[in-house]
2 protein chains.
Amino acid sequence: MEEGTSKSPTHAQGTVEGPCCEEAFQWDTREDCEVRQILDRIADKWSLLVIALLDKRRLRFTELRREIDGVSQRMLTVTLRQLERDGLVRRTVHPVVPPRVEYELTPLGASLHETVQALVTWTDAHQREIAEARNAYDARMRQQVP
Amino acid sequence: MEEGTSKSPTHAQGTVEGPCCEEAFQWDTREDCEVRQILDRIADKWSLLVIALLDKRRLRFTELRREIDGVSQRMLTVTLRQLERDGLVRRTVHPVVPPRVEYELTPLGASLHETVQALVTWTDAHQREIAEARNAYDARMRQQVP
DNA sequence: CTGTATCCTTCTCGATACTG
DNA sequence: CAGTATCGAGAAGGATACAG
C-alpha cells in the first residue's frame, strides 16, 4: 500500500502564529495536526459515505461496495482501514469460508457522524446563497475578461 | 491556472442509492454535490486557515501570506478566489499604487466558520480517544505482521 | 503590492491481476 | 468473499519568472 500514515512528508512545519508573540491560534498546517486529521477523514471522498451507511446498519465489505457507487475495491479497503485505525469503525472477521467480514460504527464513529450533520445542515440551509454567489461571480468574470 | 471549476471531470456519476427502491440518502459522490463542495472547501489545506484568520479581522494579501506559514503565493491566490466565488470572503481593491487589496469574511463566511467550530470542538474532545485507537491498532499490526 | 503563467515534482487513485 | 500488490494516468501544488 503506497499511502503512508501521514499524507505528505514534505514540509510538516510551522504553526500559524509566528515564533514571537502573536496571538494563539488553534490550527496549524501540519498534516499530523489533530483537526486536520479529522478534517481530512471527513472530507475524504469515501469516508463520509461509509460512515453514513454504517450509521444505519452493520454491513459486509461487498455490501458497502455495492452501496457506494463508483468506489474501487482498493479505495474501499484503504478507507475502511483508516476508519478502523482511528477507532471510528469496528471490523469483525467471522472465521468461516468463504470469509465474512462485517463493519459497524463504534460509538465514537456514531458521535462523529452526528457532529458532521451540523455541517450538512448548514450546507443545506445555505446552498442557495452559495449558488447565487457563484453565479454572480462567474457573471462578473465573464463580462470583465472576454 | 490549471485548476478548473470542477475538480475532476472523471465519473461525475450516480448517487449512493441504487436505481431501484433503496432508502433515500442525502449524499452522493459527485464532485458537484453541494455537501462535497463545502466539505472540499473546509478540508482544503488553506481555506480554513484563511477563514479563521479573517474571522478576527480584515487582512491584506501579504498579511495573510505572512500569517499562514508555508503557503505559496499561488495557493493563497487560488484559495482566496475560491472563497470569494463561494461568497464566503469579500475582496476589496483600493485603487491606489501600490495596490492595496483587502479580504474579509462575509456574513456567510462567518456563519460557516461558526459551524465548523463544532467539528473542532468534537475533535478536541475526542483526540485522546482517537490517538489511543491508533496506538492500539498500530500495536496490533506490529505484532501480527513482522 | 498583488497577482498570473509555466514548469516540474509529488501524491492520489483507479485498473488490473493475483491470493488465502 | 475479502482482500493485497503493482502500475500508470492525472491532479495538486511548490518554485520560479514575469506583469500591471
Side-chain angles (χ1 to χ4, degrees), chain A residues 1-14 29 31 36 40-41 43-47 49-50 58-85 89 91-103 141 144-145, chain B residues 1-13 29 31 40-41 43-47 49-50 58-85 89 91-103 141 144-145:
Chain A
M1 203 169 298
E2 79 277 27
E3 286 92 351
T5 289
S6 53
K7 301 184 89 171
S8 62
T10 30
H11 76 289
Q13 20 65 316
T29 51
E31 278 75 8
R36 279 247 72 81
D40 288 346
R41 195 67 62 250
D44 185 72
K45 187 166 182 176
W46 311 115
S47 292
L49 265 333
V50 169
R58 185 194 311 177
L59 290 172
R60 300 178 58 174
F61 186 86
T62 309
E63 291 172 332
L64 277 168
R65 201 174 171 198
R66 203 174 15 246
E67 296 259 27
I68 305 178
D69 185 62
V71 72
S72 65
Q73 191 166 39
R74 187 180 116 76
M75 286 318 290
L76 184 53
T77 303
V78 170
T79 300
L80 287 168
R81 288 293 177 279
Q82 287 175 332
L83 293 173
E84 188 194 0
R85 187 171 110 98
V89 158
R91 175 171 178 267
T92 314
V93 182
H94 301 275
V96 298
V97 352
R100 175 182 188 85
V101 180
E102 291 187 317
Y103 294 91
M141 292 302 106
Q144 238 166 65
V145 183
Chain B
M1 203 170 298
E2 79 276 29
E3 286 91 352
T5 289
S6 54
K7 300 184 91 171
S8 61
T10 29
H11 77 287
Q13 20 64 314
T29 50
E31 278 75 7
D40 286 347
R41 194 66 63 254
D44 185 71
K45 187 167 182 175
W46 310 115
S47 291
L49 265 333
V50 168
R58 184 195 311 177
L59 291 171
R60 301 179 56 176
F61 186 87
T62 309
E63 291 172 333
L64 277 168
R65 209 182 161 190
R66 204 177 13 250
E67 297 260 28
I68 304 178
D69 185 61
V71 73
S72 65
Q73 191 166 41
R74 188 180 113 77
M75 285 319 292
L76 184 53
T77 302
V78 170
T79 300
L80 286 168
R81 288 294 177 279
Q82 288 175 331
L83 293 172
E84 189 194 0
R85 188 170 110 98
V89 158
R91 175 170 178 267
T92 313
V93 182
H94 301 275
V96 297
V97 350
R100 174 184 189 86
V101 180
E102 291 188 316
Y103 294 91
M141 291 302 105
Q144 236 167 68
V145 183

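Numbers restart at 1 for each chain; the letters A, B, ... are given by sequence-line order, proteins then strands.
Closest to the B:Asp44 side chain, of the nucleotides D:dA2, C:dT2, D:dG13, is D:dG13. When each of C:dT2, C:dT6, D:dG3 is scored by its nearest atom to the side-chain atoms of A:Val101, the top-ranked nucleotide is D:dG3. Each of C:dT6, D:dC1, C:dG14 was ranked by its minimum atom distance to the side chain of A:Thr62; first place goes to D:dC1. The nucleotide whose nearest atom lies closest to any side-chain atom of B:Pro99 is, among D:dA2, C:dT2, D:dG14, C:dT2. If you check D:dG14, C:dC1, C:dG3 against the side chain of B:Phe61, the one that comes closest is C:dG3.
If you measure from atom CE of B:Met75 to atom P of D:dA11, you get 15 Å, rounded to the nearest angstrom. As a whole-Å value, the separation of A:Arg65 CZ from C:dG14 P is 11 Å. Between the P atom of D:dG13 and the CD1 atom of B:Ile68 lies a distance of 14 Å, rounded to the nearest Å. At whole-Å resolution of the value, CZ in B:Arg74 and C1' in C:dC1 are 20 Å apart. Here the C1' atom of nucleotide D:dA2 and the CZ atom of A:Arg66 are 13 Å apart, to the nearest Å. We find that CG of B:Leu64 is positioned 14 Å from P of C:dC1, with the value rounded to whole Å. Look at CE on A:Met141: it is 14 Å from C1' on C:dT4, rounded to the nearest Å. B:Arg60 places its CZ atom 7 Å from the C1' atom of C:dC1, with the value rounded to the nearest Å.
Summarising the geometry, atom CE belonging to A:Met141 is positioned 6.5 Å from atom CD belonging to B:Glu84; distances are rounded to the nearest 0.5 Å. In this structure, CG in A:Asp40 is found 9.0 Å from CD in A:Gln82, a value given to the nearest 0.5 Å.
Of the listed residues (A:Thr77, A:Leu76, A:Val78), just one forms a side chain to side chain contact (heavy atoms under 4.5 Å, CB included) with A:Leu80, and that residue is A:Leu76.
B:Arg91 comes within 4.0 angstrom of the backbone, heavy atoms only, and of no base.
Between B:Thr79 and B:Val71 the shortest side-chain heavy-atom distance does not fall below 4.5 Å. The closest side-chain heavy-atom distance from A:Glu63 to A:Glu102 is not below 4.5 Å.
Within the 4.0 Å cut-off from OP1 or OP2 of C:dG3, at least one side-chain nitrogen or oxygen of B:Tyr103 is found. Residue A:Thr77 has no polar side-chain atom (N or O) positioned under 4.0 Å from OP1 or OP2 of D:dG3. A close approach under 4.0 Å does occur between a side-chain nitrogen or oxygen of A:Arg81 and OP1 or OP2 of D:dG3.
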